[in-house]
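For reference, the structure is listed below as structure tokens.
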Amino acid sequence: MARSVNSIFFTFLYISFIYTLSPYVNATTSQSDIQVLVAIKTSIDPFSITPDSFLSSWDFNLDPCETTGASFLGILCTVPDQVDTNATSRIIEIDLEGDGLEGFLTSSIGNLTELVTLNLGRNKFRGPVPESITNLRKLTSLQLYENFFSGSLVDDIGVLTKLETLDVSNNRLSGSIPSSITSLRSLTRLDLSNNEFTGKIPQLNGLWLLSSFDISNNQIYGNLPQFPLKIKTLSLSHNLLSGHITPVHKLRHLSTLDLSDNRFSGGINKGIFMLPELSHVNVSVNRFTVFEVVEFSDKKSQLHTLDVHANRLHGHLPVNLVTYPNLTEINLGHNLFSGEIPSEYWSRLGFSWRSLNLEFNNLEGSVPRELNRTLEGVQGSFEHNCLICPKGLQLCHGQRTASECHGGDHN
């Protein structure tokens with residue numbers, strides 16, 4: 001309580017002091033821009049402004065755009081026209097990333113109408129994102145990640161048509177994703193992950209430049225929409241999404257796909273494995289029942305990591321996995337696979353395959369003794385199956401008993 005009272009008292013003194021200063025009357029920096037900088041600093045708890053933070057270098061005895069050296073760090077300005085003696089400098093970038101600042105983002109931020117970049121990531125800002133942010137029509141990068149912003153994302157965010165990067169991840173934002181976000185035609189990176197967003201994913205295929213979309217760890221539901229064809233990274237994990245994943249088959253430039261921990265059903269079909277640039281696939285913890293792996297013989301697959309664990313996949317293990325030359329990490333555990341482990345797997349394990357998880361299935365048959373000589377450094381597990389394992393093979397430790405294996409499916 002004492003700290004809170006002291007904080008309010010010193011903040012009041014600080015604001016009073018700032019507003020009695022008048023050395024920037026003849027500043028080349030726009031007076032309205034300076035007032036916004038003052039408002040930003042006074043909206044921050046002074047106890048959170050450490051000596052090595054950029055904000056501690058904001059000395060309003062100086063002109064923000066005329067200073068050099070270690071003053072007004074985190075600020076970039078325009079260069080005024082030398083011919084026009086009345087021209088003023090404008091703030092075009094504010095970068096206070098990682099300063100540990102506690103406070104609110106002042107609504108006067110909307111007065112920095114020349115601002116191109118705003119980066120407040122990795123601080124402790126709280127409260128809503130001001131509606132006035134939509135006044136920043138020249139903004140190309142808005143990064144508010146890893147704060148405590150709450151409430152809904154600004155409904156009219158779509159008016160910021162020059163935005164290329166929008167990152168509000170790791171906050172406490174809620175409500176639905178604004179439909180106006182589909183107007184951000186210049187967007188290349190959109191990160192809404194680790195919030196409390198609900199509702200459905202809007203149709204994003206109009207954002208034709210988008211290469212990275214992350215909405216993981218929210219409460220998004222419904223089927224997949226159509227995505228932009230240039231997308232390279234698609235992260236939708238830890239939501240309530242359902243239905244089939246066929247819209248993904250069109251994404252020829254996709255390199256990373258994470259759909260884990262949702263409610264998708266149907267098949268993990270061969271269309272995914274035919275994507276030429278796909279290197280990392282995680283579709284674990286869903287309700288898939290079918291697993292189709294196409295043979296790669298005439299083309300070189302980039303697939304490196306495959307995780308399909310904790311689904312309802314049945315049938316035999318796919319032999320065609322051995323035709324993927326760059327594959328090193330495979331997780332097929334916690335499914336309903338049955339039959340023997342394909343003999344083709346053994347020539348890969350310990351060589352190109354460095355991790356193989358087959359635990360908690362209904363696999364049977366013998367595991368070759370010679371694996372004891374080739375599995376050094378290999379990670380994974382074959383446990384809780386009905387395998388006959390060579391003595392000392394740690395990957396095989398913990399098989400089901402004969403009585404458990406009798407009768408088939410026990411998952």
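In what follows, every heavy atom counts, from backbone to side chain, and hydrogens, waters and symmetry copies are set aside.
With Glu340 contributing its side chain and Gly365 its backbone, the two residues share no donor-acceptor pair below 3.5 Å.
To the nearest 0.5 Å, atom NE2 of residue His309 and atom CD1 of residue Ile330 are 15.0 Å apart. The structure places NE2 of His238 at 13.5 Å from CD1 of Ile215, a figure rounded to the nearest 0.5 Å. Residue Glu93 holds its CD atom at 8.0 Å from CG of Leu115, rounded to the nearest 0.5 Å.
Between Tyr345 and Trp353, the ring planes are perpendicular. Angles over 60° get that label, and only those under 30° would be called parallel. Note on ring orientation: taking the six-membered ring where Trp is involved, the planes of His384 and Phe360 are parallel (angle under 30°, cut-offs 30° and 60°).
Pairing each heavy atom of Ser48 with each of Asp45, the nearest pair is OG-O, 2.7 Å. The nearest pair of heavy atoms linking Leu234 to Val248 is CD2-CG2, 4.4 Å. Pro228 approaches Leu204 most closely through the heavy-atom pair CG-O, 3.1 Å. The two residues Phe125 and Leu105 have their closest heavy-atom pair at CD2-N, 3.8 Å. Annotation for Asp191 and Ser169: closest pair OD1-CB, 3.4 Å, computed over non-hydrogen atoms.
Screening residues 248-292 for ring pair (Phe, Tyr, Trp, His ring centres under 6.0 Å), with sequence neighbours left out, gives Phe273-Phe291, His280-His304.
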Identify all side-chain donor-acceptor contacts of residues 107-114 below 3.5 Å with residues at least two apart in sequence or on another chain.
from, atom 1, to, atom 2, distance (Å)
Ser108, OG, Thr106, OG1, 2.9
Thr113, OG1, Arg90, NH2, 3.1
Glu114, OE1, Lys138, NZ, 2.8
Glu114, OE2, Lys138, NZ, 3.0

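If you check the side chains of Thr198 and Glu196, you find no donor sitting under 3.5 Å from an acceptor. A donor atom on one side chain and an acceptor atom on the other are found under 3.5 Å apart for Thr29 and Asp63.
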**Prompt:** What's the verdict on side-chain contact (heavy atoms from CB on, under 4.5 Å) for Asp95 and Thr117, showing C-alpha distance, side-chain angles and the deciding distance?
**Reply:** CA-CA 8 Å; Asp95 187 344; Thr117 299; 5.9 Å; no
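Residue Arg137 qualifies as enclosed at atom CZ: its count of foreign heavy atoms under 6.0 Å is above 12. Taking a 6.0 Å sphere around CD of Glu277, one finds it holds more than 12 heavy atoms contributed by other residues, nucleotides or ligands.
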